[in-house]
Structure formats: structure tokens, C-alpha cells
Amino acid sequence: MSVVKINVLTVPAEQREVLEQRFAARAGAVENSDGFEWFELLRPLEGTDQYLVYTRWRSEEDFQNWMNGSMKAAHQGTSGGEGGKERPAPAATGSTLWSFEVVQQASPK
């Protein structure tokens, strides 16, 4: 069965809009990856400053291939990047990756 990766991002209130805009601008960055099944960016409603970035993959191998390939390339370099531009500072102040294996699932009938 599939694997789920949830990246827990700590995002200060003043950076929420920045984070959401950056994810909106990345449209298509993961969708064409082999083994990719689903993506959601979850905004907290109350009681926390943590966003959840939910991705679902056909296998752990597919996730690792994406991490070591296009994702790594997209996040490399913090200064003097393409065209000599500085990369913007991260919107999140912390990140934790949770991993799960899907053992049961249901969909609407």
C-alpha cells in the first residue's frame, strides 16, 4: 500500500501568507513525479502555528527518488542562485517529517 509523508512546518503568523504563496507558485513541482499520488497543504485553524504538508506516494522508494532528485534540486543553494539572485529566507522556522504506511482506506460511495 501507499506511504504518507507529512511535513510539519512551524510558521509564524506573519509568514503564513508568504508560505501559502510559495506553495501556490510551486504548482506542478511534484505532480509529475513517478509514484506521486496526492498533495495537500493544511492551514491551522486554531491553537497551533504548524502547517501540515501532506503527500501520498505509491512507495517509500518513489518518495526517496523525489527527495533525492527534483525536490533536492529545487531547494539547493541559499545564495548566488540562478541569475545571481539570493534565495528568500524560509517562511517556516522549523520542520519535522512524519511517515506513515496506509493500512486502511475508504472513499465515498
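No hydrogens, no waters, no symmetry mates; every other heavy atom, side chains included, goes into these values.
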When rounded to the nearest 0.5 Å, the distance separating CZ of R43 from CZ of F23 is 13.0 Å
Item checked: E61 atom CD, neighbour heavy-atom count above 12 within 6.0 Å -> no
Linking I/L/V/M/F/W/Y whenever their side-chain heavy atoms sit closer than 4.5 Å, directly or via other members, would V30 and L41 fall into one cluster? yes
| said: So L52 and V8, do their side chains get closer than 4.5 Å, heavy atoms only? | reply: yes
Contacts of E40 meeting side chain to side chain contact (heavy atoms under 4.5 Å, CB included) (sequence neighbours excluded), chain-then-number -> W38, L42, Y54
If you draw a 6.0 Å radius around CD in E60, do more than 12 non-hydrogen atoms from other residues or ligands fall strictly inside?
yes
- Message: side-chain contact (heavy atoms from CB on, under 4.5 Å) for W66 and D62? Distances and angles first, verdict last.
- Response: CA-CA 6 Å; W66 173 74; D62 290 323; over 6 Å; no
Looking only at heavy atoms, the pair that brings P44 and R16 closest together is CG-NH2, 3.0 Å
Sequence neighbours excluded, the answer for salt bridge (Lys or Arg N to Asp or Glu O under 4.0 Å) partners of E31 is R26
Flag side-chain contact, heavy atom, 4.5 Å: D34 against N65: no
Going by atom type alone, with no hydrogens or angles, which donor-acceptor pairs under 3.5 Å involve a side-chain atom of residues 96-108 and a protein atom two or more places apart or on another chain?
from : atom 1 : to  : atom 2 : distance (Å)
S99  : OG     : K5  : NZ     : 2.8
Q105 : OE1    : R56 : NH1    : 3.4
Q105 : OE1    : R56 : NH2    : 2.4

Tightest non-hydrogen contact, residues S2 and E37, listed as OG-OE1, 2.6 Å
Notebook entry, point to check: Within a strict 4.5 Å, meaning less than it, do heavy atoms of the V53 and F39 side chains meet?
Noted result: yes
In short, R22 meets A91 closest at the heavy-atom pair NH1-N, 3.3 Å
